[in-house]
**Student:** 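This is the structure I want to talk about, given as structure tokens.
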Amino acid sequence: MEAAINALPYLFQGLMTTLYIFIIAIIIGFIIGLVVALLRLTPIKPLQWIAKLYVDIIRGTPLLVQIFFIYFGLNSLTFISLDNTTAGIITIAINAGAYLSENIRAGIQSIDKGQTEASRSLGFSGIQTMRFIILPQALRRMLPTFTNQAIITLKDTSLLSIIGIADLTQRGEVQASATFQSFAIWTTVGIIYFVVIYLLTLLSNFLERRFELR
């Protein structure tokens, strides 16, 4: 365990990179998901088709292929230049957005249509109805699925080590190669991931209980 203890400061630096990418990507992914979900529900058919095509492409291709496409594929174009961190954030955000959009859409559709009709009768516009009546309820209902997707997204960031991002996984690879103590290093990396994900789950449970009280 001496090798694992000595590696902790180095691994924690990688954890900070992982959390940095995760937080930015999940925020952007949520915004993408919300926009795409609303486009899927719009009566304008071309917008529905575009949103559905995006979701189908992202959900129908492996994340690793998406990482290679964004980092290597787009960077092969003369007018685009992305560093590995930016490419990683974009890829994770786009991937998470596709899955979150389906969660948000399901949450919106789960709200009784009578509430929409009631709000319209009170003089609310469509945008006001969505903003003040539908979305607050839908977001509460989708909190468990949002947490589940956030956990998946956090674990997905480990694939970014393939393009040289010095995240927790990549730093684990470096330490395992340098110390020849693969069992100890990867056990430590696994424990760090588990603790972070467990804390995220506890936060989700706390928020669910708080919303229920309201």
Side-chain angles (χ1 to χ4, degrees), residues 1-33 58-77 80-100 103 143-207:
M1 294 302 296
E2 182 179 354
I5 293 173
N6 292 336
L8 280 178
Y10 186 74
L11 294 178
F12 277 124
Q13 291 177 11
L15 175 61
M16 293 301 102
T17 301
T18 293
L19 293 178
Y20 169 76
I21 292 173
F22 163 71
I23 292 172
I24 295 178
I26 200 67
I27 292 173
I28 298 175
F30 178 80
I31 295 172
I32 293 173
I58 297 301
R59 296 181 67 179
T61 55
L63 176 57
L64 190 58
V65 172
Q66 296 166 22
I67 293 171
F68 286 155
F69 174 79
I70 297 292
Y71 185 60
F72 295 111
L74 293 186
N75 274 335
S76 67
L77 303 176
I80 294 180
S81 179
L82 299 173
D83 62 77
N84 56 1
T85 300
T86 302
I89 291 173
I90 291 173
T91 307
I92 296 297
I94 290 174
N95 183 270
Y99 289 92
L100 287 171
N103 296 336
L143 184 58
T145 56
F146 176 78
T147 303
N148 183 62
Q149 182 57 47
I151 290 172
I152 293 173
T153 299
L154 178 58
K155 292 189 287 187
D156 283 345
T157 60
S158 63
L159 292 175
L160 297 179
S161 61
I162 200 70
I163 57 174
I165 294 179
D167 67 336
L168 178 57
T169 300
Q170 199 266 356
R171 288 178 180 263
E173 293 175 358
V174 171
Q175 283 296 299
S177 299
T179 63
F180 300 101
Q181 298 291 331
S182 294
F183 179 82
I185 297 298
W186 286 116
T187 298
T188 304
V189 170
I191 291 173
I192 294 173
Y193 271 116
F194 172 79
V195 170
V196 173
I197 290 171
Y198 184 70
L199 292 175
L200 183 60
T201 303
L202 291 179
L203 175 61
S204 170
N205 293 338
F206 169 76
L207 293 175

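The first residue in the sequence is number 1, and the count goes up from there.
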**Student:** How many angstroms lie between CZ in Phe22 and OG in Ser158, if you round to the nearest 0.5 Å?
**Tutor:** 13.0 Å
**Student:** Residues two or more places apart in sequence or in another chain: which of them pass side chain to side chain contact (heavy atoms under 4.5 Å, CB included) with Asn148?
**Tutor:** Ile152
**Student:** Listed by chain and number, what are the side chain to side chain donor-acceptor pair (under 3.5 Å) partners of Thr61, not counting sequence neighbours?
**Tutor:** Gln66
**Student:** Please list, chain by chain and in numerical order, all residues satisfying side chain to side chain donor-acceptor pair (under 3.5 Å) with Gln13, sequence neighbours excluded.
**Tutor:** Arg171
**Student:** Tell me every residue that passes ring-ring contact (aromatic ring centres under 6.0 Å, His included) with Phe72, counting only those two or more places apart in sequence or in another chain.
**Tutor:** Phe68
**Student:** May I have all residue pairs that pass side chain to side chain donor-acceptor pair (under 3.5 Å) and include part of residues 18-33, sequence neighbours excluded?
**Tutor:** none
**Student:** Taking side chain to side chain contact (heavy atoms under 4.5 Å, CB included) as the test, write out the residues that go with Leu199, two or more places apart.
**Tutor:** Val195, Leu202
**Student:** Report the residues that fulfil ring-ring contact (aromatic ring centres under 6.0 Å, His included) with Tyr99, sequence neighbours left out, ordered by chain and then residue number.
**Tutor:** none
**Student:** For Leu159, which residues count as a side chain to side chain contact (heavy atoms under 4.5 Å, CB included) partner, sequence neighbours excluded?
**Tutor:** Leu63, Ile67
**Student:** Return the set of residues passing side chain to side chain donor-acceptor pair (under 3.5 Å) with Thr86 (not counting sequence neighbours), or none when no residue passes.
**Tutor:** Asp83
**Student:** What residues, two or more places apart in sequence or in another chain, satisfy side chain to side chain contact (heavy atoms under 4.5 Å, CB included) together with Ile151?
**Tutor:** Thr147, Lys155, Ile197, Leu200, Thr201
**Student:** For residues 169-193, which residue pairs qualify under ring-ring contact (aromatic ring centres under 6.0 Å, His included), counting only residues two or more places apart or in two chains?
**Tutor:** none
**Student:** Apply side chain to side chain donor-acceptor pair (under 3.5 Å) to Thr153 and list each qualifying residue two or more places apart in sequence or on a separate chain.
**Tutor:** Gln149
